[in-house]
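Just below is one structure, and these are the notes that go with it.
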Protein chains: 2
Amino acid sequence: METAGEPDWTQRQIDVLDAVLDLLVSGGDALTTAAVARKANCSKETLYKWFGDRDGLLAATVRWQASRVRAGNFDAQHLDASQLRESLEAFAVNWLTVITSRNSIALNRVGVSHAGSGKSNLGRIVLENGRFAIGERVKPLLEAGRANGLLDFDDTETTFRTFFGLLGRDVQIRLLLGDRMETTDAEIARDAARATQQFFALYGASDAPSVTAEHKPH
Amino acid sequence: METAGEPDWTQRQIDVLDAVLDLLVSGGDALTTAAVARKANCSKETLYKWFGDRDGLLAATVRWQASRVRAGNFDAQHLDASQLRESLEAFAVNWLTVITSRNSIALNRVGVSHAGSGKSNLGRIVLENGRFAIGERVKPLLEAGRANGLLDFDDTETTFRTFFGLLGRDVQIRLLLGDRMETTDAEIARDAARATQQFFALYGASDAPSVTAEHKPH
DNA sequence: TCAGAACCGTACCGTACGGTACTTAAGCGG
DNA sequence: CCGCTTAAGTACCGTACGGTACGGTTCTGA
């Protein structure tokens with residue numbers, strides 16, 4: 001796994017990583033080491049001393065952004081239907097907020113580009129800190145729901161992937177390809193609720209009608 | 001719309017576009033005009049004469065690949081439940097096959113990269129020929145299903161996006177980020193069937209039990 | 001047969017950028 | 001006050017690549 005714990009960068013180094021994020025987000029031209037040095041008021045030599053090379057700088061930026069974004073976990077014991085729904089919906093809101101953020105879009109673009117050019121494992125790092133990290137955090141919740149008789153499924157991974165699909169739909173690919181989608185907080189909350197509702201419709205245990213039967217998604 | 005009709009390239013020019021695809025797929029290093037000219041046995045000058053510049057060459061490649069990939073449509077009249085399900089499943093298989101193909105992955109990566117760097121509308125072109133094109137082809141089918149009382153939904157776009165999510169889940173982002181996923185024909189068929197089944201569970205009209213109630217997705 | 005177009009192969013140019021080296025200045029322990 | 005470390009700022013180098021120019025060759029049509 002590439003998801004290390006909290007990176008132990010100094011504040012000065014964190015300023016550099018934030019400069020990288022700013023430059024990636026403002027996009028325009030590609031990220032150059034000279035631009036990073038200029039923006040962070042440091043020398044290129046220092047950059048290379050701290051981060052090795054350009055890829056190391058990008059990898060550190062990915063990990064730094066990921067470490068800032070992890071939300072709190074849940075408490076698995078004494079999980080009733082509404083708690084499960086609220087926890088799932090909270091995850092959903094958090095995840096949608098993350099993947100629609102300009103930072104996440106920019107870093108995912110970098111990861112995709114690097115995955116294409118073959119060299120460096122930056123795509124893998126983005127995957128580990130993005131898609132796989134959220135999976136590892138949601139799956140225990142799903143299994144707790146199953147243990148408490150609230151959900152009915154066999155394979156946790158498959159079930160999570162369905163939830164992921166219901167939630168993300170075409171959002172990530174459209175944003176990565178430059179589509180300007182409105183992603184207000186209200187819209188995110190609505191989409192999270194809809195995805196959660198649909199998820200319960202598909203996987204809610206049949207003996208928990210108060211959760212599964214609410215209204216059809218329109 | 002950027003989805004023009006069949007491009008009217010000569011065979012010689014098509015050979016060039018296929019060379020671009022081969023180079024993009026074999027990835028390794030970034031696509032250079034010199035490499036294209038070498039692979040296609042033509043001169044760089046001819047490349048620029050035919051396609052304007054590097055971006056024009058890439059845009060032409062995207063459109064050429066898209067024009068090759070469009071599958072046949074369906075017949076909307078006299079649509080019964082099994083026909084609707086089969087048509088949806090056929091779309092699903094086709095779409096999954098396309099987005100997991102090496103050509104599609106490579107072109108989507110190019111589109112994402114260009115969308116990030118701001119210049120050129122290649123990301124938009126990929127979107128128009130990918131996500132939006134499949135939407136425009138599936139939505140009439142959904143509406144025909146609704147008109148025949150087989151589906152129950154309000155907004156066609158929202159409904160299609162849910163189908164899209166159930167089908168694609170995390171596949172596209174994982175492939176774009178370099179995850180090596182097994183995508184055998186059998187697996188694609190299974191995923192298409194599962195997505196279609198789940199879609200009917202969510203949107204199937206309640207007075208069509210033979211379609212909606214089959215078995216829970218496990 | 002000849003003129004002209006199309007086009008291949010290659011050489012060339014300018015620039016952008018990753019990475020390195022060097023100079024200077026600031027902080028700091030002794 | 002002095003040596004040492006850190007790092008800013010800048011100049012520099014090598015290379016890769018987009019785009020152009022040009023000579024030579026094949027094709028085409030009269």
Side-chain angles (χ1 to χ4, degrees), chain A residues 8-24 26-62 106 109-111 113-123 125, chain B residues 8-24 26-62 106-107 109-111 113-122 125:
Chain A
D8 49 352
W9 303 115
T10 67
Q11 183 57 48
R12 188 76 187 87
Q13 290 164 330
I14 287 174
D15 292 344
V16 172
L17 299 181
D18 283 333
V20 172
L21 278 173
D22 282 351
L23 286 172
L24 283 178
S26 71
D29 43 1
L31 182 90
T32 68
T33 56
V36 174
R38 203 179 322 121
K39 176 126 189 162
N41 292 321
C42 70
S43 71
K44 286 173 65 176
E45 193 167 18
T46 304
L47 247 49
Y48 285 96
K49 183 177 189 176
W50 285 346
F51 303 103
D53 57 6
R54 187 175 177 277
D55 285 352
L57 178 60
L58 287 170
T61 305
V62 170
R109 284 200 181 120
V110 173
S113 302
H114 273 65
S117 71
K119 65 180 193 301
S120 96
N121 56 342
L122 203 54
I125 294 174
Chain B
D8 50 351
W9 302 114
T10 68
Q11 183 56 48
R12 187 77 187 85
Q13 290 164 330
I14 288 175
D15 292 343
V16 172
L17 300 181
D18 283 333
V20 172
L21 279 172
D22 283 351
L23 286 172
L24 284 179
S26 71
D29 43 1
L31 181 90
T32 68
T33 55
V36 174
R38 201 179 323 122
K39 176 124 188 165
N41 293 321
C42 71
S43 72
K44 284 173 66 176
E45 193 167 18
T46 304
L47 247 48
Y48 284 95
K49 182 178 188 177
W50 284 347
F51 303 102
D53 58 6
R54 185 173 179 279
D55 285 351
L57 178 60
L58 287 170
T61 305
V62 170
L107 289 176
R109 285 199 180 121
V110 173
S113 303
H114 272 66
S117 71
K119 64 180 193 301
S120 98
N121 57 343
L122 203 54
I125 295 175

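Computed over heavy atoms, backbone and side chain alike; hydrogens, waters and symmetry mates excluded. Predicted, not measured: the structure shown is a model, and the values here were computed from it. The chains referred to below are lettered A, B, ... by the order of the sequence lines, with proteins before strands, and numbering in each begins at 1.
- Listed by first and then second residue, the salt bridge (Lys or Arg N to Asp or Glu O under 4.0 Å) pairs that reach into residues 35-51 of chain B come to none, sequence neighbours excluded.
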Can you give me every donor-acceptor pair (side chain of residues 15-22 of chain B, partner residue at least two apart or in another chain, under 3.5 Å) with its distance?
| residue | atom | partner | partner atom | Å |
| --- | --- | --- | --- | --- |
| B/Asp15 | OD1 | B/Gln11 | NE2 | 2.9 |
| B/Asp18 | OD1 | B/Trp64 | NE1 | 3.1 |
| B/Asp18 | OD1 | B/Arg68 | NH1 | 3.2 |

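- Taking both residues in full, the closest heavy atoms of B/Cys42 and B/Arg12 are given as CB-NH2, 3.7 Å, listed atom of the first, atom of the second, then distance.
- A search for side chain to side chain contact (heavy atoms under 4.5 Å, CB included) contacts involving A/Ala106 returns A/Leu24, A/Val25, not counting sequence neighbours.
- Distances shorter than 4.0 Å separate none of the side-chain N or O atoms of B/Trp50 from OP1 or OP2 on C/dA6.
- Note on B/Leu31: only backbone sugar-phosphate atoms sit closer than 4.0 angstrom, heavy atoms only; bases stay farther off.
- Atom CG in A/Leu23 sits roughly 12 Å away from atom P in C/dG18 (whole-Å rounding).
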Between the protein and nucleotides 20-27 of chain D, which nitrogen or oxygen pairs are less than 3.5 angstrom apart?
| residue | atom | partner | partner atom | Å |
| --- | --- | --- | --- | --- |
| D/dC22 | N4 | B/Glu45 | OE1 | 2.0 |

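- For A/Thr46, the side-chain hydrogen bond (donor to acceptor under 3.5 Å, both in side chains) partners at least two apart in sequence or on another chain are A/Ser43.
- Between the NZ atom of A/Lys49 and the C1' atom of C/dA21 there is a distance of 14 Å, given to the nearest Å.
- Near DNA chain D, meaning a heavy atom under 4.0 Å from it, residues 32-42 of chain B has B/Thr32, B/Thr33 in order of number.
- At the heavy-atom level, A/Leu47 lies nowhere under 4.0 Å from the strands shown.
- The closest side-chain heavy-atom distance from A/Val62 to A/Val110 is not below 4.5 Å.
- Going from atom NZ of A/Lys119 over to atom C1' of D/dA16 covers 12 Å, rounded to whole Å.
- Here B/Ser113 pairs with A/Ser113 under the side-chain hydrogen bond (donor to acceptor under 3.5 Å, both in side chains) rule; sequence neighbours left out.
- Rounded to a whole Å, the CG atom of B/Asp15 is 11 Å from the P atom of C/dC8.
- Between the CZ atom of A/Phe51 and the P atom of C/dG18 there is a distance of 15 Å, rounded to whole Å.
- Rounded to a whole Å, the NE2 atom of A/His114 is 12 Å from the C1' atom of C/dG18.
- Remark: B/Ala59 pairs with B/Arg63, B/Leu122, B/Ile125 by the side chain to side chain contact (heavy atoms under 4.5 Å, CB included) rule, at least two apart or across chains.
- When the side chain to side chain contact (heavy atoms under 4.5 Å, CB included) test is applied to A/Asp53, the partners found at least two apart in sequence or on another chain are A/Tyr48, A/Asp55.
- Distance A/Gln13 CD to D/dT6 C1': 12 Å, rounded to the nearest Å.
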